[in-house]
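A short worksheet on the structure shown next.
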Amino acid sequence: MASHGMVYDGCNYFRQRLVLSTLSGKRVKIKNIRSKDDNPGVRDFEASFIRLLDKVTNGSRIEINQTGTVLFYQPGLLSGGSVEHDCHTQRSIGYYLEAILMLAPFMKTPLKATLRGVTNGPTDPTVDLLKSTALPLMKKFGIDGDGFDLKVVKRGMAPGGGGEVIVTCPVRRTIRPLQLTDPGKIKRIRGVAYSVRVSPQMANRMVESARGVLNKFLPDIYIYTDHMKGANSGKSPGFGLTLVAETLNGSFLSAEMVSTPQGQGEPVVPENLGRSCAQLLLEEVYRGGCVDSSNQSLALLLMTLGQQDVSKVLLGTLSPYTIEFLRHIRDFFQVMFKIETQKPLEDERKGGDKVLMTCVGVGYSNINKTLK
């Protein structure tokens, strides 16, 4: 056990384990990866993720046995710099980007990563969603500056891909602690309706049906339409909608939907997609909190890595992924969170039960950062 550091079983939470291992410098061994499956071992998209980790680190050691069911990972130093990577089209770029955003502030040199593949897929958070929610959240923790940006150069829908994203992030020595306990009321809703290789009218139809639902609640709604043509439109047809609600205190809650990938099940009508997406946003607002459900683990990680001071964040209901993430944080950083349930008052009508998460940061210092 001692020689292998942490030992885990199964293929679940693969990214969490490798990201936390890289940040904490602890070795990790994952065994029985789909060992009972007809097609055992590491999937192509996971192998692609390991290759990406290898590109952003220096001196990592990765060993996988012949069947691919056991993986041993000894993390190196996060080097950063310019990285280009072709993400596997089984999962969208969001799968890789979530992990990159967790690692980016702790590199040796500022990161400039060009990722190619599926920008908007049905299973993972899309690039637009991460741009409108994860980046503002990281800015609150003091990770900001001119060089912090996420740019969609080409859109690529599932299953063909062909999209391209450039993410740049500055490096920080320390993360500042954060108190986010009052989200405030919703003041405006923004969004992007995108369509590629279909009629540009699709985007307008989605906007109209989404506004039909949301106009009952507040007037300040603006949804941009983004229709990419020619070489910038990837290889597959599709459309989708990302909606973001901004609160008075600068928190962002988001929801999104993407059309069914070509040749995979029932086609979807833009009107229904717009309506469903608006209802998903209302559900997210009902859950509430200062961070939406897709970015809970990012917020908790940055709280853990903060300076040795108390951080508090009010979240909506914890997702199962976040609960497992908390267990992993306890394993890798020995940090336990204080979890208090807050029920909304009768007269407040502020949605579902909230959870107040409190922890003391480990005082993580970026040892990779070069001294200027």
Side-chain angles (χ1 to χ4, degrees), residues 1 4-37 39-54 56-57 60 62-65 67-75 78 87-88 90-104 106 121-125 129-130 134 137 291-305 313 315-337 339 355 357 359 362 364:
M1 177 81 182
H4 287 305
M6 313 301 240
V7 180
Y8 288 107
D9 213 63
C11 62
N12 261 355
Y13 314 109
F14 187 78
R15 283 178 309 166
Q16 285 187 15
R17 289 163 184 171
L18 295 189
V19 165
L20 290 172
S21 160
T22 310
L23 287 170
S24 64
K26 289 181 179 166
R27 291 177 291 190
V28 67
K29 182 182 185 179
I30 304 173
K31 51 187 210 289
N32 296 336
I33 301 175
R34 301 192 182 87
S35 50
K36 300 255 179 10
D37 207 86
N39 180 9
V42 175
R43 291 274 180 275
D44 292 345
F45 64 88
E46 290 167 337
S48 176
F49 177 69
I50 295 169
R51 277 195 286 279
L52 177 59
L53 267 188
D54 195 38
V56 295
T57 57
S60 292
I62 300 151
E63 292 170 15
I64 302 176
N65 71 347
T67 52
T69 53
V70 179
L71 174 128
F72 172 67
Y73 175 67
Q74 182 171 353
L78 285 160
C87 303
H88 200 273
Q90 270 177 340
R91 299 295 290 257
S92 57
I93 289 177
Y95 174 84
Y96 301 88
L97 201 54
E98 277 187 307
I100 285 292
L101 288 175
M102 287 178 174
L103 297 171
F106 310 105
T123 46
D124 300 292
L129 183 99
L130 290 171
L137 173 66
V291 181
D292 66 341
S293 46
S294 58
N295 291 305
Q296 286 175 348
S297 45
L298 176 64
L300 294 175
L301 177 73
L302 293 173
M303 283 167 70
T304 308
L305 299 175
V313 168
L315 301 178
T317 320
L318 297 181
S319 66
Y321 187 81
T322 310
I323 292 167
E324 199 57 43
F325 193 74
L326 287 168
R327 289 182 188 137
H328 282 109
I329 283 180
R330 184 192 58 198
D331 289 353
F332 283 97
F333 289 105
Q334 285 77 50
V335 168
M336 303 274 274
F337 280 78
I339 303 175
V355 184
M357 309 290 286
C359 84
V362 291
Y364 186 84

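We're numbering straight along the sequence, starting at 1.
For Phe106 and Tyr364, the gap between ring centers is short of 6.0 Å.
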CA sep, side-chain torsions, deciding dist, call: Ile62, Leu53, side-chain contact (heavy atoms from CB on, under 4.5 Å): CA-CA 10 Å; Ile62 300 151; Leu53 267 188; 5.7 Å; no
Full working for side-chain contact (heavy atoms from CB on, under 4.5 Å) between Asp9 and Lys31: CA-CA 5 Å; Asp9 213 63; Lys31 51 187 210 289; 3.7 Å; yes
Chi angles and distances behind the side-chain hydrogen bond (donor to acceptor under 3.5 Å, both in side chains) call for Ser293, Tyr321: CA-CA 10 Å; Ser293 46; Tyr321 187 81; over 6 Å; no
Chi angles and distances behind the side-chain contact (heavy atoms from CB on, under 4.5 Å) call for Arg327, Ile323: CA-CA 7 Å; Arg327 289 182 188 137; Ile323 292 167; 3.7 Å; yes
side-chain contact (heavy atoms from CB on, under 4.5 Å) assessment of Thr22 paired with Val56: CA-CA 11 Å; Thr22 310; Val56 295; over 6 Å; no
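In this structure, Leu103 CG and Leu78 CG are separated by 5.5 Å, a value rounded to the nearest 0.5 Å. With rounding to the nearest 0.5 Å, the separation of CZ in Phe332 from OG in Ser21 is 5.5 Å. Considering CG of Leu137 and CG of Leu130, their distance stands at 11.0 Å, rounded to 0.5 Å. Note that CD1 of Ile33 and OG1 of Thr67 are 9.0 Å apart. Values are rounded to the nearest 0.5 Å. For the atom pair OG1 (Thr57) and CG (Leu52), the distance works out to 9.5 Å, reported to the nearest 0.5 Å.
No side-chain heavy atom of Ile50 sits under 4.5 Å from any side-chain heavy atom of Tyr73. Residues Glu98 and Pro125 meet the side-chain proximity criterion, which asks for heavy atoms closer than 4.5 Å. When side chains are defined from C-beta on, Ile339 counts as touching Met357, because their heavy atoms get closer than 4.5 Å.
Residues Asn65 and Thr69 come closest through the heavy atom pair OD1-N, 2.9 Å. Residues Gly316 and Val355 share a closest heavy-atom pair of O-CG2, 3.9 Å. Nearest heavy-atom pair, Leu305 versus Val362, reported as atom, atom and distance to 0.1 Å: CA-CG2, 4.1 Å. Taking all atoms of both residues into account, the shortest heavy-atom contact from Leu300 to Leu315 is CD2-CD1, 4.2 Å. What you find for Arg27 and Pro75 is that their closest heavy atoms are CA-CD, 4.1 Å. Between Gly10 and Ile30 the shortest heavy-atom distance is O-CG2, 3.2 Å.
The main-chain N or O of Tyr95 is found under 3.5 Å from a side-chain atom of Arg15 such that the two form a donor-acceptor pair. In this structure, Ser48 contributes its side chain and Asp44 its backbone to no donor-acceptor pair below 3.5 Å. Under a 3.5 Å cut-off, the side chain of Gln296 and the backbone N or O of Thr317 do form a donor-acceptor pair. Not one N or O on the side chain of Lys26 forms a donor-acceptor pair closer than 3.5 Å with the backbone of Gly5. Side chain of Arg17 to main chain of Asn12: a donor-acceptor pair is present (N/O by atom type, distance under 3.5 Å, no hydrogens or angles). For the pair Asp124 (side chain) and Ser92 (backbone), a donor-acceptor distance under 3.5 Å is present.
Aromatic ring orientation, Tyr96 versus Phe49: tilted (interplanar angle from 30° to 60°).
Paired with Glu46 under the rule side-chain hydrogen bond (donor to acceptor under 3.5 Å, both in side chains), one option of His88, Arg91, Arg34, Gln90 passes, and it is Arg34.
Residues forming a salt bridge (charged side-chain N to carboxylate O under 4.0 Å, His left out) with Asp331 (at least two apart in sequence, or on another chain): none.
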